[in-house]
Asks: 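First the structure, which I've put down as structure tokens, then a few questions once you've had a look.
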Amino acid sequence: MVKVGASILDADFSILGEEIRRLEKAGIDFISFDIMDGRFVPNLTFGPDLIKSLRDKTGLPFEAHLMVESPEKYIGRLVDAGVDIINIHAESRGKIEDVIKSIKAGDKKAGIAINPGTPPESIGKFVDAIDMVLVMAVEPGFSGQKFIDMSGKIKYLRGLEKGFDICVDGGINETTAKQAAGAGATMVVSSSYIFSHKDYSEAVRKLKTAR
Ligand code: DX5
């Protein structure tokens with residue numbers, strides 16, 4: 001079974017603490033925070049302070065997905081906010097190896113996110129230093145977009161047999177989760193599919209058992 005994370009992008013922001021409690025009760029495995037700076041992607045969301053305010057609401061792992069130009073600026077505050085894994089984009093301006101080192105220095109897990117058009121070979125020199133590859137199945141910036149088949153990329157990454165998690169993010173529903181898991185993904189992140197269900201546990205169950 002794949003591990004399922006919920007991106008809070010489609011949650012009701014006016015009751016985020018309650019939403020996180022509902023997600024936990026529904027059996028979600030981790031919470032994904034899509035941090036956007038309005039420059040790396042044409043959207044603006046939230047920062048470390050929001051994550052900090054939610055940290056004591058649940059014991060679930062927090063994943064921060066940094067869709068920002070300069071990820072190095074935020075690592076310290078994300079570590080203090082209590083995130084468990086930080087994914088930075090291979091396409092961002094930061095020096096990837098230095099940012100990975102600073103995440104590890106904060107005793108957190110480090111991952112690299114790659115956009116649909118970025119070849120997986122481009123992160124080859126980091127594969128021994130990371131805990132996750134976040135394979136984007138949509139162009140980053142917004143929820144509710146159409147899934148782009150990333151099977152070839154997932155199979156390539158799985159074939160490296162480096163032991164890192166392969167998480168697919170974007171356009172995930174019960175059909176695309178099946179495709180991602182079938183190609184070798186170990187985790188998926190969903191927003192609109194989960195939050196479009198009245199009963200989150202039904203959505204989580206369908207995603208977890210997708211194979
Ligand atoms: C896109 C985000 C994704 C997105 C997922 O930039 O990284 O997590 O919110 O939303 P859905 O599941 O609706 O595609």
Side-chain angles (χ1 to χ4, degrees), residues 3-17 19-20 23 28-58 60-116 118 123 126 130-145 165 167-172 187-192 194-195:
K3 283 196 181 309
V4 177
S7 155
I8 62 161
L9 270 194
D10 281 28
D12 178 344
F13 279 22
S14 71
I15 51 164
L16 264 188
E19 290 276 57
I20 290 210
L23 287 166
I28 206 81
D29 294 302
F30 63 98
I31 304 290
S32 177
F33 293 91
D34 289 313
I35 297 177
M36 303 180 192
D37 65 0
R39 299 166 69 96
F40 182 74
V41 290
N43 195 2
L44 199 56
T45 54
F46 38 72
D49 291 344
L50 176 120
I51 297 175
K52 194 171 191 165
S53 72
L54 295 166
R55 184 62 276 182
D56 65 353
K57 301 288 183 283
T58 176
L60 286 173
F62 281 0
E63 178 251 349
H65 173 192
L66 280 181
M67 287 163 275
V68 300
E69 265 183 359
S70 311
E72 66 281 2
K73 287 184 188 166
Y74 308 98
I75 304 306
R77 288 175 56 208
L78 285 168
V79 170
D80 293 345
V83 301
D84 300 280
I85 178 158
I86 301 173
N87 281 304
I88 61 169
H89 264 268
E91 305 87 357
S92 63
R93 286 196 186 151
K95 252 173 108 1
I96 304 283
E97 51 272 40
D98 294 351
V99 184
I100 290 172
K101 274 199 198 107
S102 68
I103 296 169
K104 297 272 185 183
D107 204 17
K108 303 296 180 183
K109 288 185 176 178
I112 296 183
I114 44 177
N115 287 337
T118 301
I123 60 167
F126 308 115
I130 53 177
D131 305 287
M132 178 189 283
V133 176
L134 186 66
V135 176
M136 294 306 295
V138 295
E139 289 304 329
F142 298 91
S143 62
Q145 299 180 80
D165 271 306
C167 184
V168 181
D169 185 359
I172 291 293
M187 307 165 99
V188 294
V189 168
S190 165
S191 197
S192 52
I194 289 175
F195 287 105

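Given the structure is predicted, the values throughout are model-derived calculations rather than measurements. Positions are given from 1, in the same order as the sequence printed here.
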Asks: Donor-acceptor pair, Q145 side chain versus E139 backbone, under 3.5 Å?
Replies: yes
Asks: Please tell me whether D34 and S7 have a donor and an acceptor in their side chains that are separated by less than 3.5 angstrom.
Replies: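 S7 and D34 do have a side-chain donor-acceptor pair below 3.5 Å.
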Asks: Applying side chain to side chain contact (heavy atoms under 4.5 Å, CB included) to V4 and I194, what does each step give before you reach the verdict?
Replies: CA-CA 10 Å; V4 177; I194 289 175; 4.3 Å; yes
Asks: Could you go step by step and tell me if M136 and H65 meet the side chain to side chain contact (heavy atoms under 4.5 Å, CB included) rule?
Replies: CA-CA 11 Å; M136 294 306 295; H65 173 192; 3.5 Å; yes
Asks: Between I20 and F33, which heavy-atom pair has the shortest distance, and what is it?
Replies: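 For I20 and F33, the tightest heavy-atom pair comes out as CD1-CZ, 4.3 Å.
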Asks: Go through it in stages, so that I can follow the logic: the residues are K101 and I75, the test is side chain to side chain contact (heavy atoms under 4.5 Å, CB included), and I'd like the CA-CA distance, side-chain angles, deciding distance and then a yes or no.
Replies: CA-CA 10 Å; K101 274 199 198 107; I75 304 306; over 6 Å; no
Asks: Is D37 reaching over with its side chain to a backbone N or O of R39, donor-acceptor style, under 3.5 angstrom?
Replies: yes
Asks: Please assess L66 against V99 for the test side chain to side chain contact (heavy atoms under 4.5 Å, CB included), listing each intermediate value before the final yes or no.
Replies: CA-CA 12 Å; L66 280 181; V99 184; over 6 Å; no
Asks: Evaluate the side-chain proximity of P140 to N115: yes if any heavy-atom separation is below 4.5 Å, no if none is.
Replies: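 Yes, close enough: below the 4.5 Å cut-off.
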Asks: When you compare the side chain of T58 with that of L23, does any pair of heavy atoms fall below 4.5 Å?
Replies: no
Asks: What's the separation between atom OH in Y74 and atom CD1 in I88, rounded to the nearest 0.5 Å?
Replies: 13.5 Å
Asks: Taking K108 for its side chain and V83 for its backbone only, find out whether a donor-acceptor pair lies under 3.5 Å.
Replies: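 Looks like yes, one N/O pair under 3.5 Å.
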Asks: Could you tell me whether a side-chain N or O of D84 sits under 3.5 Å from a main-chain N or O of F62, the two making a donor and an acceptor?
Replies: yes
Asks: Look at the side chain of S192 and the backbone N and O of S143, then say whether any donor-acceptor pair between them is shorter than 3.5 Å.
Replies: no
Asks: Specify the closest pair of heavy atoms between M36 and N43, including all atoms of both residues, with the distance to one decimal.
Replies: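 Looking at all heavy atoms of both residues, the closest pair is CB-O, 3.3 Å.
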Asks: Using the side-chain contact (heavy atoms from CB on, under 4.5 Å) rule, pick out the option among D131, I130, I86 that qualifies with I100.
Replies: I130
Asks: So that I can tick it off, tell me whether R55 and D80 are bridged by a salt bridge, with the cut-off set at under 4.0 angstrom between side-chain N and carboxylate O.
Replies: no
